[in-house]
Amino acid sequence: MDVQHALESHPSINGMCDYVGILRSGYYQREKRHNHQSPRKLRKKFIQGEIKAIWLKSLCIYGADEITQELRSKGYKIAERTVGKYMRELGIHAVCLTP
C-alpha cells in the first residue's frame, strides 16, 4: 500500500497508525497537544487583539506606554514591557509626530 493510495481511500486511523508504525494512543496524544490552546496562549491572543484595536483607534500613534495605560484603565493587569513585546510580535510601533 503506497501513501497516495492510503490518502485517497480514506483508511481508518488504526490502519494509518499501523502503516506508519506508531501507536494509536501516541497519535491521539499528539493531536490533543497540537490542537489544545492553553489559557496563557488564549489570553495572549486576546490581549494582542486589544492592543491592535487601541493602536488603530489612536490612528497608529500610541506606543507601549499609552497602550498599557489604556489596558490598565480597562481593568487588565499587564506590564509595559509585555505590551511592547506583543507590539513587536504584531509588527506595530508608535509614530512620533514631533516636527
Side-chain angles (χ1 to χ4, degrees):
M1 172 193 262
D2 64 342
V3 175
Q4 184 66 27
H5 176 70
L7 292 175
E8 290 173 357
S9 65
H10 303 290
S12 66
I13 296 296
N14 197 21
M16 286 302 290
C17 288
D18 287 343
Y19 179 76
V20 177
I22 61 172
L23 295 175
R24 199 175 52 192
S25 61
Y27 168 79
Y28 284 114
Q29 285 177 357
R30 178 166 161 63
E31 280 295 306
K32 185 177 179 182
R33 278 193 311 268
H34 181 69
N35 294 329
H36 177 70
Q37 293 261 342
S38 69
R40 182 181 289 179
K41 286 182 182 179
L42 291 173
R43 181 179 189 272
K44 180 179 179 177
K45 284 188 179 201
F46 180 78
I47 293 291
Q48 283 180 333
E50 291 286 313
I51 289 170
K52 188 132 188 187
I54 293 168
W55 182 71
L56 290 171
K57 184 178 161 192
S58 75
L59 303 175
C60 308
I61 294 173
Y62 279 6
D65 52 342
E66 292 95 348
I67 292 175
T68 304
Q69 290 173 4
E70 184 98 16
L71 288 171
R72 287 180 180 165
S73 71
K74 290 183 176 185
Y76 297 106
K77 184 178 178 183
I78 192 162
E80 184 178 329
R81 181 177 173 165
T82 303
V83 172
K85 179 179 150 188
Y86 289 173
M87 288 177 70
R88 281 189 299 278
E89 288 176 7
L90 292 168
I92 61 177
H93 52 84
V95 175
C96 185
L97 296 177
T98 56

Chemist: With a 3.5 Å distance limit and no angle check, can you tell me whether Q69 reaches the backbone of E66 through a side-chain donor-acceptor pair?
Modeler: no

Chemist: Name every donor-acceptor pair, under 3.5 Å, that has one atom in a side chain of residues 47-55 and the other anywhere in the protein, sequence neighbours excluded.
Modeler:
residue	atom	partner	partner atom	Å
Q48	NE2	E89	OE1	3.0
E50	OE1	K74	NZ	3.4
W55	NE1	H93	O	3.0

Chemist: To the nearest 0.5 Å, tell me how far K57 NZ sits from Y62 OH.
Modeler: 7.5 Å

Chemist: A quick test of your reading: do over 12 heavy atoms of other residues, nucleotides or ligands sit less than 6.0 Å from CG of L23?
Modeler: no

Chemist: Let me confirm one number: the OG-NZ distance from S38 to K44, rounded to the nearest 0.5 Å.
Modeler: 10.0 Å

Chemist: Within a strict 4.5 Å, meaning less than it, do heavy atoms of the I13 and Y28 side chains meet?
Modeler: yes

Chemist: Does V83 belong to the same Ile/Leu/Val/Met/Phe/Trp/Tyr cluster as F46, with side-chain heavy atoms less than 4.5 Å apart forming each link?
Modeler: yes

Chemist: A94: what forms a side chain to side chain contact (heavy atoms under 4.5 Å, CB included) with it, not counting sequence neighbours?
Modeler: none

Chemist: Do Y76 and L90 share a hydrophobic cluster (ILVMFWY, side-chain heavy atoms under 4.5 Å, transitive)?
Modeler: yes

Chemist: With distance as the sole test, does T68 use its side chain to make a donor-acceptor pair with the main-chain N or O of A64 at under 3.5 Å?
Modeler: yes

Chemist: Considering non-hydrogen atoms only, spot the tightest contact between R72 and E80 and give its length.
Modeler: NH2-N, 4.1 Å

Chemist: Would a single hydrophobic cluster contain both Y27 and Y19, if residues Ile, Leu, Val, Met, Phe, Trp and Tyr are joined by side-chain heavy-atom contacts under 4.5 Å?
Modeler: yes

